[in-house]
There are 2 protein chains.
Amino acid sequence: MYSIGQAAELTGFSIDTLRYYEKIGLTKQPERSPAGVRSYSEDDVKRLSSLHCLKRTGLSLEEMKAFLQEGRCFANPAFPLSGEDREAIESRTRILGEHLSRMEAQYRALADVMGQTREKLDFYRDLLAKEAAAK
Amino acid sequence: MYSIGQAAELTGFSIDTLRYYEKIGLTKQPERSPAGVRSYSEDDVKRLSSLHCLKRTGLSLEEMKAFLQEGRCFANPAFPLSGEDREAIESRTRILGEHLSRMEAQYRALADVMGQTREKLDFYRDLLAKEAAAK
DNA sequence: CTAGATGCTGGAGCCGGCTCCAGGTCAACA
DNA sequence: TGTTGACCTGGAGCCGGCTCCAGCATCTAG
């Protein structure tokens with residue numbers, strides 16, 4: 001079990017951010033000591049860390065919420081599915097599919113800009129090398 | 001020559017955003033008609049479009065500013081460089097290098113999350129396929 | 001038993017990046 | 001000549017995502 005400070009340390013979020021996420025309902029409430037002090041399980045910390053990773057890919061909090069929510073159930077559903085279940089699954093599939101294509105677009109854009117940046121960088125490094133050679 | 005409306009259309013920024021970027025000194029002032037109406041050259045539009053691409057990779061406006069500024073001169077510098085020039089080149093090299101490694105980190109994170117997302121997506125699609133089969 | 005660190009809550013504030021608005025100018029067309 | 005419609009400016013407002021603060025409780029070490 002970890003205090004909020006430790007959880008912050010481990011996950012890369014700030015203490016305030018952890019409380020903020022909890023407040024807006026993004027993350028589930030951790031357990032509390034009788035005195036009201038938050039206590040994060042190993043598992044909580046894992047979930048938060050993967051959230052942190054998601055965040056670094058530029059997902060908005062709304063998107064993360066959606067991403068998190070599709071973790072529930074359906075591990076071993078009975079067929080045929082109830083209409084409700086089918087809808088839930090279809091909605092999650094759609095959300096994830098949209099996510100994915102946005103990420104793919106971003107991935108390509110990133111590759112592109114990285115390429116350009118490498119070129120420019122090479123150009124400047126080259127100048128510096130020439131300068132050194134010409135010393 | 002393009003009006004601001006056309007430039008917005010072509011580059012993917014909004015009209016307001018173009019004016020905003022100009023105001024904060026991110027982009028250079030386009031020409032103006034005698035009446036004060038902005039008039040963007042082919043070249044301006046190209047620069048703006050590549051800015052838009054940069055933006056999509058998550059660069060902040062500050063970073064973009066830095067990225068843009070290293071376009072100047074040094075195409076054919078005289079060696080040895082003046083101290084000033086060397087410093088400029090070194091600084092740009094540093095800025096770009098930092099950019100690049102941030103982008104690389106993000107690239108990896110993105111690949112990672114995309115992989116996870118594909119897995120989940122497959123899982124749900126599989127459920128739907130099974131459902132269809134069990135109809 | 002007291003000081004210092006850590007935690008709690010609610011709410012205000014801040015920053016980046018737009019976005020919208022009022023009030024006005026200009027150009028062109030019917 | 002009057003009415004659109006695109007443009008202008010300066011400034012206010014907004015939203016996402018934190019970040020900070022006051023004022024208080026709790027825990028731990030010395």
Side-chain angles (χ1 to χ4, degrees), chain A residues 1-41 44-45 47-68 99 102 106 109 113, chain B residues 1-41 44-45 47-68 99 102 106 109 113:
Chain A
M1 293 310 228
Y2 303 95
S3 71
I4 195 170
Q6 295 171 316
E9 189 78 7
L10 291 169
T11 61
F13 288 117
S14 76
I15 293 178
D16 274 328
T17 300
L18 289 179
R19 286 198 280 241
Y20 172 69
Y21 284 177
E22 197 183 320
K23 185 154 68 182
I24 63 170
L26 176 60
T27 56
K28 75 171 236 269
Q29 312 253 10
E31 283 186 38
R32 299 279 188 132
S33 77
V37 173
R38 289 174 183 80
S39 169
Y40 294 82
S41 70
D44 289 337
V45 166
R47 257 193 302 280
L48 289 170
S49 300
S50 73
L51 249 201
H52 194 248
C53 167
L54 284 176
K55 223 209 70 173
R56 293 205 323 141
T57 67
L59 269 63
S60 72
L61 300 194
E62 276 313 304
E63 289 174 315
M64 279 194 239
K65 219 166 187 168
F67 194 98
L68 289 181
H99 258 165
R102 270 196 301 277
Q106 168 137 4
V113 174
Chain B
M1 293 310 230
Y2 303 95
S3 72
I4 194 169
Q6 296 171 317
E9 189 77 7
L10 291 169
T11 60
F13 288 116
S14 76
I15 292 179
D16 274 329
T17 300
L18 289 180
R19 286 198 279 242
Y20 172 68
Y21 284 178
E22 197 183 319
K23 184 152 72 182
I24 64 170
L26 176 59
T27 56
K28 75 170 236 271
Q29 312 254 8
E31 284 186 37
R32 299 281 187 130
S33 77
V37 173
R38 290 174 182 80
S39 168
Y40 295 81
S41 71
D44 289 337
V45 166
R47 258 194 301 280
L48 287 170
S49 299
S50 73
L51 248 201
H52 193 251
C53 166
L54 284 175
K55 223 210 70 175
R56 292 205 323 143
T57 67
L59 269 65
S60 71
L61 300 194
E62 276 313 305
E63 289 174 315
M64 279 193 238
K65 219 166 187 167
F67 195 96
L68 287 182
H99 258 164
R102 271 196 301 276
Q106 166 131 5
V113 174

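Only heavy atoms go into these numbers, but all of them, side chains included; no hydrogens, no water, no symmetry mates. Protein chains get the first letters and strands the later ones, always in sequence-line order, with residue 1 at the start of each.
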Please report the interatomic distance [atom1]([X]) to [atom2]([Y]), rounded to the nearest 0.5 Å.
X: B/L18; Y: B/Y40; atom1: CG; atom2: OH; value: 5.0 Å
X: A/H52; Y: A/F13; atom1: NE2; atom2: CZ; value: 5.0 Å
X: B/L59; Y: B/L51; atom1: CG; atom2: CG; value: 9.5 Å
X: B/S60; Y: B/K55; atom1: OG; atom2: NZ; value: 11.5 Å
X: B/R47; Y: B/T27; atom1: CZ; atom2: OG1; value: 9.5 Å
X: B/L48; Y: B/L26; atom1: CG; atom2: CG; value: 9.0 Å

Can you list every salt bridge (charged side-chain N to carboxylate O under 4.0 Å, His left out) pair that touches residues 22-34 of chain B, not counting sequence neighbours?
B/E22-B/R32, B/E22-B/R38, B/K28-B/D44
Kindly give the heavy-atom pair with the smallest separation between [X] and [Y], and that separation in Å.
X: A/R56; Y: B/A109; answer: NH2-CB, 3.5 Å
X: B/P30; Y: B/S39; answer: CB-O, 3.7 Å
X: A/A8; Y: A/S14; answer: CB-C, 4.0 Å
X: B/G5; Y: B/I15; answer: CA-CD1, 3.9 Å

First encountered from the 5' end of DNA chain D, between B/G36 and A/K55:
B/G36
CD of A/E9: more than 12 outside heavy atoms within 6.0 angstrom?
no
Let's see if you get this right: which residues in residues 14-23 of chain B place a heavy atom under 4.0 Å from DNA chain C?
B/S14, B/D16, B/T17, B/Y20, B/Y21
Can you list the stems that DNA chain C is part of, where a stem is at least 3 pairs in a row, each Watson-Crick or G-U, with both distances below 3.5 Å?
C:1-30 with D:1-30
Outermost DNA chain C nucleotides near chain A [under 4.0 Å, heavy atoms]:
C/dG7 to C/dG11
Which part of the nucleic acid does B/L61 contact within heavy-atom distance under 4.0 Å: base, sugar-phosphate only, or nothing?
sugar-phosphate
A/Y20: which residues meet the ring-ring contact (aromatic ring centres under 6.0 Å, His included) condition with it, sequence neighbours left out?
none
Base, backbone or nothing for each nucleotide of nucleotides 22-27 of chain D, written B, S, -, heavy atoms under 4.0 angstrom, 5' to 3'?
----S-
